[in-house]
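These notes concern the structure reproduced below.
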There are 2 protein chains.
Amino acid sequence: MPTPQVASCAFSDEHNHQRCIRTALATAERLCADRRCRLTPVRKRVLELVWQSHTPLGAYQILAQLGDEGFNSAPPTVYRALEFLQEQGLVHRIASLNAFTGCCAPDRQHHGYFLICRQCGRAHELEGQPLSQALREQAARQGFMVEAETVELTGLCPHCREPLA
Amino acid sequence: MPTPQVASCAFSDEHNHQRCIRTALATAERLCADRRCRLTPVRKRVLELVWQSHTPLGAYQILAQLGDEGFNSAPPTVYRALEFLQEQGLVHRIASLNAFTGCCAPDRQHHGYFLICRQCGRAHELEGQPLSQALREQAARQGFMVEAETVELTGLCPHCREPLA
DNA sequence: TGCAAAACTGTTATGTTATAACAGGATTGT
DNA sequence: ACAATCCTGTTATAACATAACAGTTTTGCA
Ligand SMILES: [Zn+2]
Ligand SMILES: [Zn+2]
Ligand SMILES: [Zn+2]
Ligand SMILES: [Zn+2]
């Protein structure tokens with residue numbers, strides 16, 4: 001039986017996001033078990049907070065929420081949790097926002113490509129194997145060996161365009 | 001007669017980089033004159049410093065150099081200059097490095113795509129009309145209107161790969 | 001079970017990047 | 001000359017991120 005997939009839901013109107021969150025956490029639990037790494041309470045809670053937000057969260061926003069809940073709330077706590085979650089492919093860092101968002105396909109090998117709405121702040125993840133191909137060809141022509149990709153497109157999402165049309 | 005083009009020279013070994021800098025500054029002067037905007041001394045000097053560096057410069061690195069030269073050296077000085085230069089398309093900000101680099105084709109309409117070497121720190125600008133096309137198609141399928149693109153590929157440049165081969 | 005190594009967390013301090021807000025000066029067009 | 005605009009100086013602070021070291025928990029193995 002295939003893994004339940006969490007779709008990138010940033011621009012989808014009607015859906016039960018609680019379910020997205022539960023699925024994401026369940027997938028994370030399973031992946032960490034498979035990989036023999038530990039999804040500790042702080043790490044799990046950080047992942048949950050990231051998923052609960054409808055826009056990418058800054059480290060200090062996460063930190064503030066952790067503090068309200070009695071967790072330790074010094075910066076290293078949250079940066080360490082985020083580092084772990086990134087290593088496991090459970091969250092992506094969005095460089096142009098200095099913020100973090102849940103990965104919509106943590107059990108698949110991919111790069112995170114994002115459409116980021118400047119109006120509502122939501123970030124939609126594209127799973128971009130085709131893009132990857134085109135980018136790598138350009139790079140190869142220069143003799144460059146690509147190891148990591150940052151692809152972030154900023155603009156207006158379908159909802160935020162609508163009023164203007 | 002066409003505009004003299006400044007090539008992206010980050011990964012090219014043998015060239016007279018002083019000439020690159022002079023050309024970049026001359027092009028900037030001309031563009032600003034055409035556009036009736038002012039390439040003031042600080043702005044010009046910031047652009048020159050950015051071009052002089054073989055790797056993208058952080059704002060505070062620029063600031064330090066300005067300070068040594070008797071310019072005012074509080075952060076807003078350099079951030080304002082950089083903002084102007086970005087608006088005029090004379091420099092690009094590299095989000096994944098929090099750093100700035102001179103644009104290699106300021107008189108052409110384009111997005112800055114970068115190959116960034118994690119070893120030597122150099123950043124090579126690709127003028128990526130073809131990429132742009134592929135990216136926009138993906139976005140269009142989602143109903144997303146792209147306004148700005150951040151495309152930064154990190155890895156090893158031709159020179160830094162060589163010793164490993 | 002007992003122990004050592006490894007992994008994780010707590011804590012303090014500091015480094016780095018970026019902007020807000022307001023005052024003053026230079027430039028431009030009329 | 002004057003007003004509007006643009007540019008710069010200055011102080012303060014916000015936002016983002018890591019270093020370094022101490023202590024605890026977990027894990028694997030004798
Ligand atoms: Zn992802
Ligand atoms: Zn939107
Ligand atoms: Zn450019
Ligand atoms: Zn290199």
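Below, chain A is the first sequence line, B the second, and so on; all start at residue 1.
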Please state how far atom [atom1] in [X] lies from atom [atom2] in [N], giving the value in whole angstrom units.
| X | N | atom1 | atom2 | value |
| --- | --- | --- | --- | --- |
| Leu66(B) | dG9(D) | CG | P | 10 Å |
| Glu87(A) | dA7(C) | CD | P | 12 Å |
| Leu63(B) | dT10(D) | CG | P | 13 Å |
| Phe100(A) | dA15(D) | CZ | P | 16 Å |
| Phe84(B) | dT8(D) | CZ | P | 9 Å |
| Arg36(B) | dC6(D) | CZ | P | 15 Å |
| Phe71(B) | dC7(D) | CZ | P | 16 Å |
| Leu57(A) | dC16(D) | CG | C1' | 14 Å |

Would Trp51(B) end up clustered with Val91(B) when hydrophobic side chains under 4.5 Å apart are linked, directly or stepwise?
->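 Yes.
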Identify whether Val151(B) and Ile116(B) are in the same connected component of the hydrophobic contact network (ILVMFWY, side-chain heavy atoms under 4.5 Å).
-> no
Residue mapping more 5' on DNA chain C - nearest nucleotide basis, Pro76(A) or Arg38(A) = Arg38(A)
Classify the nucleic acid contact of Arg80(A) as base, sugar-phosphate or nothing, counting any heavy atom under 4.0 Å across all strands shown.
-> base
Nearest to side-chain heavy atoms of Ala74(A), which nucleotide of dT12(C), dT19(C), dC7(D) =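 Comparing dT12(C), dT19(C), dC7(D) against the side chain of Ala74(A), the answer is dT12(C).
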Arg93(A) side chain, from C-beta outward: closest of dT9(C), dT10(D), dA17(D) =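 For the Arg93(A) side chain, the nearest candidate turns out to be dA17(D).
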Phosphate-side-chain proximity, [X] and [N], N/O vs OP1/OP2 below 4.0 Å:
| X | N | value |
| --- | --- | --- |
| Asn72(A) | dT9(C) | no |
| Tyr79(A) | dA17(D) | yes |
| Arg43(A) | dT9(C) | yes |

Indicate yes or no: at least one non-hydrogen side-chain atom of Lys44(B) is less than 4.5 angstrom from one of Glu29(B).
->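 Yes, close enough: below the 4.5 Å cut-off.
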Measure the distance between the ring centre of Tyr60(B) and the centre of the six-membered base ring of dT16(C), then answer whether it is under 5.5 Å with planes under 30°.
-> no
Find which nucleotide of DNA chain D each of Thr77(B) and Asn98(B) is nearest to by heavy atoms, and output the residue with the more 5' nucleotide.
-> Thr77(B)
SB check Arg80(A) Glu83(A) (cutoff 4.0 Å) |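 No, this pair does not count.
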Quick one: does Arg43(A)'s side chain have a donor or acceptor within less than 3.5 Å of a partner on Arg38(A)'s backbone?
-> yes
